[in-house]
Amino acid sequence: MQIAKVRGTVVSTIQDPTLRGVKLLMLQLVDENGNLLPKYEVAADNSVGAGIDEWVLVSCGSAAREVPGNKQRPVDAAVVAIIDSIYVEDRLIYSKKDQYR
Amino acid sequence: MQIAKVRGTVVSTIQDPTLRGVKLLMLQLVDENGNLLPKYEVAADNSVGAGIDEWVLVSCGSAAREVPGNKQRPVDAAVVAIIDSIYVEDRLIYSKKDQYR
Amino acid sequence: MQIAKVRGTVVSTIQDPTLRGVKLLMLQLVDENGNLLPKYEVAADNSVGAGIDEWVLVSCGSAAREVPGNKQRPVDAAVVAIIDSIYVEDRLIYSKKDQYR
Amino acid sequence: MQIAKVRGTVVSTIQDPTLRGVKLLMLQLVDENGNLLPKYEVAADNSVGAGIDEWVLVSCGSAAREVPGNKQRPVDAAVVAIIDSIYVEDRLIYSKKDQYR
Amino acid sequence: MQIAKVRGTVVSTIQDPTLRGVKLLMLQLVDENGNLLPKYEVAADNSVGAGIDEWVLVSCGSAAREVPGNKQRPVDAAVVAIIDSIYVEDRLIYSKKDQYR
């Protein structure tokens, strides 16, 4: 899984019928030091209800279809968790409580 | 999913029999700021009927075969939605209504 | 799918038994302007019979196993079509008839 | 599989229900000479119990769901082995016994 | 598939139980001109028995699990063939007989 920050949403009217009602979030990927990368992923979030600026874990590939309800949806990325904290050795590199970085 | 702009089409006569009748679009990928990237994907569009210059969402990998009709087709990319608008925080970075960028 | 030019072949005697008789082509990937990239893929061609210098579509990942006969073969890339022409907006960027570029 | 060093953990309360109780490790990838790369993977470890600074093998994609218990979890990366030693030709480039590099 | 040269082995005692007895090779990837790339893959070889310095084809992703015995193993890369020769147009760029390059 990769770490990403929720940046926005993608809105669509004409879409594969199975995608109706699925929230599509614009995620910006975060590197191992907690910095934003110039990479994004549009991911389905029908499981955790992540909001703007939250840090999340995104699963890509067929894993995205293991989220309940996605089995037959043509999604290749899904939000699977909202991150509370990230520790690298003894260092806390992200804490949701302290800040939305 | 990645954001892409429909740039053209790929035409083929000799192909895997299951691909007959499937529209193959030449998509150019778009970055998180809405700029065209030097990357493309040839994707099947048998679901949404996207036209030249429209912005779409493309799903890659096994997800492409969840689009109705693709189950047994050897496609690794499919158009799954035509994008109406993309919001990053409060900023509208793309609106189909205003422009085909 | 990616666009690729058939450059050669890979020959093997000691191989997974299911690969026996499968033609393995050395493909060089082509960018969105029709230029050769410094990237290749060795792909199974048991469907379309592509020849040297032809431009083809290559499907990667599990899609390669949807080509008839590949269901249980450990192949992660397959040729799925021989390209006749590629149009980007009004411009013809490749035509098999005119040239093998 | 890629070689990675266990650097830390990712903690989450709001997550896909199937992820409850799954340890999520922050792994930093290692190159072919044993140097840390500026790339990471957050991987499930419910199989081998790797600890901080250990070197592991990480499997990505659908393979991650072959680890017992992951079948229906939306994980795209899993720790599948703790590495004892890596030999490149006659050279030992990593030995767990000697050091946690 | 990608072309790779067998460089060494990875040894592990604590591993996913299904991996017991599976030989894990350290492969270095080779480019389209036959030069070694700064990229590697640790791949299961339970099919062809490749030795140090041999050139092989490696299949990645779910294809790796089509090798007999791997169906339920969490491996994302497998050696599927030992390469005898590679031809690019009329040029022989690799021959096992002549050399282990």
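Just so it is clear, the values below take in all heavy atoms, side chains as well, and ignore hydrogens, waters and symmetry mates. Chain identifiers are assigned alphabetically (A, B, ...) following the order of the sequence lines, protein sequences preceding nucleic acid strands; residue numbering begins at 1 within each chain.
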Query raised in the report: Checking heavy atoms, do the side chain of C:Leu57, its backbone, both or neither come under 4.5 Å from chain B?
Result: side chain

Report summary line: Correct closest heavy-atom pair for B:Val42 and C:Ile3 would be CG2-CG1, 3.9 Å

**Report entry** chain B contact via C:Val56 - which portion, at a heavy-atom distance below 4.5 Å
**Finding:** neither

Query raised in the report: Is any residue of residues 67-78 of chain B within less than 4.5 Å of chain C by heavy atoms, and which ones?
Result: B:Lys71, B:Gln72, B:Arg73, B:Pro74, B:Val75, B:Asp76, B:Ala77

Requested in this report: Give a yes or no on this: more than 12 heavy atoms of other residues, nucleotides or ligands lie within 6.0 Å of atom CG of B:Asp90.
Outcome: no

Query raised in the report: When you look at B:Arg7 and C:Glu32, which way does the salt bridge (Lys or Arg N to Asp or Glu O under 4.0 Å) test go after all the steps?
Result: CA-CA 10 Å; B:Arg7 297 298 309 280; C:Glu32 68 280 9; over 6 Å; no

Query raised in the report: Under 3.5 Å, side chain of C:Asp84 to main-chain N/O of B:Thr13, donor-acceptor pair present?
Result: yes

Report task. Measure the CD1-CE distance between C:Ile86 and B:Met26 for me, rounded to the nearest 0.5 Å. Result -> 5.5 Å

Query raised in the report: Counting distance only, does the side-chain N/O of B:Glu41 pair as donor-acceptor with the main-chain N or O of C:Met1 below 3.5 Å?
Result: yes

Query raised in the report: Counting N and O atoms only, with roles assigned by atom type, does the side chain of B:Gln15 sit under 3.5 Å from a partner on the main chain of C:Ser47, one being a donor and the other an acceptor?
Result: no

Query raised in the report: Got B:Val10 and C:Tyr94 here, is their nearest side-chain heavy-atom distance under 4.5 Å?
Result: no

Requested in this report: Quick one: pull up CD1 in B:Ile14 and CD1 in C:Ile83 and give me the separation to the nearest 0.5 Å.
Outcome: 12.0 Å

Report task. Please check if the side chain of C:Ser85 supplies one atom and the backbone of B:Val11 the other of a donor-acceptor pair under 3.5 Å. Result -> no

Report summary line: Listed by number, the residues in residues 59-66 of chain B that come under 4.5 Å of chain C (heavy atom to heavy atom) are B:Ser62, B:Arg65

